Amino acid sequence: STVVLVFEAPADFEFSVHAGQKVKVGHRLGD
Amino acid sequence: LMNAWTETPTKWYPLPLAVGALLLVAIQYRKKVRGSRKEVELDENGMEVIRLKGPWHVHVMGALPLRNLSRLWGYVNEVELPIWFRPHGYRIYANLFGCNLDEIDSPLDSYPSLGAFFYRKLKPGVRPVDGAVLVSPADGTVLHFGTVKGMQVEQVKGITYHLDALLGVERPGSPISHAEHNRDMSIVDDQEFAEINGIEYTLEQLIGTSNGSSGTSTPSLAQPTESDALLAHPPPKKYGERFDASVVEPSRDNLAHDASVAREMGVRPAMERKGSMSARNIRPGNSLFFTVIYLAPGDYHRFHSPTAWVVEKRRHFVGELFSVSPWMAKRLENLFVLNERVALLGRWKYGFFGMVPVGATNVGSIKVNFDQALRTNVRGRLPPPGAYTEAVYSNASPILRGQPLTPAEEMGGFRLG
């Protein structure tokens, strides 16, 4: 299963993860 | 045959250069024809017709009865296991798939079936929530992330799909409008009060109520029962109809929760605008972003809210149930558009926000806690890709005109089969 997020954010929004990284619920994705 | 195989002499000779050139021309011509075919494969609404594309093993998978297999898998995994076997069986499963049994809050023998264990809850506090504006909605692996350019979302490097195909497009002329459904509760946009069931509340009062209560706890929302939802709003008989899935009678407790979400979102409830947000109308200075998180079989399979937001509607796309593993994502184009999925669309403080749980063969059932009427992976003829049923949550909160959610609040999950 997969969860896809699509969202609008200010152009300077930055992801703080990298492809292949394991994450858990509540883990920071971006800011 | 043996004689022919062993005794026939092999004679090698060069092909004329013209044959090689003709072959190249033929390959180029075939590519061009395929490209032009792609351009004209549009439906009557001008949307690209999504078809199964990929190497031969993708087509072999496409020929399998994946939905029936998925449901059979679900039935098998709902079989009640003997109590003596449960701890051993679940430990074997946990070792195979890397589940952390220290995180679960119930003894192993309390899960009657593998399906129940798969949909396990976690102990409170084992998932600390970061203070960032966007947090992970699930346990899993980040497959991909980036910016949506030209309405194209990148599935893997070099393979994209269209955002409209993933989320659906607005259909004018829906049979049920928000206004008709909300006749007994309304929000006055330019004055700061809300009328609920004939009683007027000022928004200051509502927010004040929230301030007076514990700010850290999340009040539980009254949920409609399945029969209530079905009686009040029977599900549509055909694809494309809209209905209101929320039949919650608003209470002051609900309103306090909604006001709390409104504060977290950084919006004033009275500033609600008419209509809903769309991925096509983003604000100046903003961009559209996406991220894809893959949940492996051993992962905790409930999903949570990734931020403070309001879900305005859901679109249920009935599709196939291909595996969504990274292996498949690299081979099957439009994988996330072909699969059964539930697009939850709404808004957050920066504008549009959408979350799409996508099912797979082993986990075809998607559950959304605040939408008891939703049924996924049900028996029946498959509608064409892109067809969906839509439900609006405008009655869930008279302040926010949608289902409000706080960061990391549990939203639902994936069940086996």
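Residue numbers begin at 1 in each chain, while the letters A, B, ... track the order of the sequences. This is a predicted model, so every value here is computed, not measured.
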> Under a 4.5 Å cut-off applied to non-hydrogen side-chain atoms, are A:T2 and B:L295 in contact?
Replying inline: no
>> Shorter than 4.5 Å, heavy atoms on both sides: which option in B:V292, B:I366, B:L288 has the most such pairs with chain A?
In response: B:L288
>> Within the 4.5 Å heavy-atom criterion, are B:Y350 and A:F7 side-chain neighbours or not?
In response: no
> Which atom names give the shortest non-hydrogen contact between A:D31 and B:A132, and what distance separates them?
Replying inline: OD2-CA, 3.3 Å
>> Is the shortest side-chain heavy-atom distance between A:L29 and B:L134 below 4.5 Å?
In response: yes
>> I'd like to know which of B:G285, B:A360, B:A408 tops the heavy-atom pair count under 4.5 Å against chain A.
In response: B:G285
> For the candidates B:L122, B:V148, B:T141, which exhibits the highest count of non-hydrogen atom pairs separated by less than 4.5 Å from chain A?
Replying inline: B:T141
> If you measure from OG1 on B:T291 to CG on A:L5, what distance do you get to the nearest 0.5 Å?
Replying inline: 6.0 Å
> If every non-hydrogen atom of A:S1 is compared with every non-hydrogen atom of B:Y294, which pair is closest and at what distance?
Replying inline: O-CD1, 3.5 Å
> Quick one: what part of B:F289 sits under 4.5 Å from any heavy atom of chain A, side chain, backbone, both or neither?
Replying inline: both
> Which atom names give the shortest non-hydrogen contact between A:V25 and B:H304, and what distance separates them?
Replying inline: CG1-CG, 3.7 Å
> Out of B:V324, B:V129, B:I293, which one racks up the most heavy-atom pairs below 4.5 Å with chain A?
Replying inline: B:I293
> Do B:W348 side-chain atoms and A:E8 backbone N/O form a donor-acceptor pair below 3.5 Å?
Replying inline: yes
> If you take all heavy atoms of A:K24 and B:D139, which pair is closest and at what distance?
Replying inline: CA-OD1, 3.2 Å
> Counting distance only, does the side-chain N/O of B:D130 pair as donor-acceptor with the main-chain N or O of A:H27 below 3.5 Å?
Replying inline: no
>> For A:V3 versus B:P137, what's the shortest heavy-atom pair and its separation?
In response: CG1-CG, 3.9 Å
>> Working to the nearest 0.5 angstrom, can you tell me the gap between A:K22 NZ and B:S136 OG?
In response: 12.0 Å
>> I'd like to verify something: which residue of B:H301, B:R302, B:R341 has the highest number of heavy-atom pairs under 4.5 Å with chain A?
In response: B:H301
>> So which residue, B:N286, B:L163, B:L166, ends up with the most heavy-atom pairs under 4.5 Å with chain A?
In response: B:N286
> Closest approach of B:V133 and A:G30, non-hydrogen atoms and distance?
Replying inline: CG1-O, 3.7 Å
>> Report which part of B:I282 has an atom under 4.5 Å of a heavy atom belonging to chain A: side chain, backbone, both, or neither.
In response: both
> Does the side chain of B:V142 come within less than 4.5 Å of A:F15's, by heavy atoms?
Replying inline: no
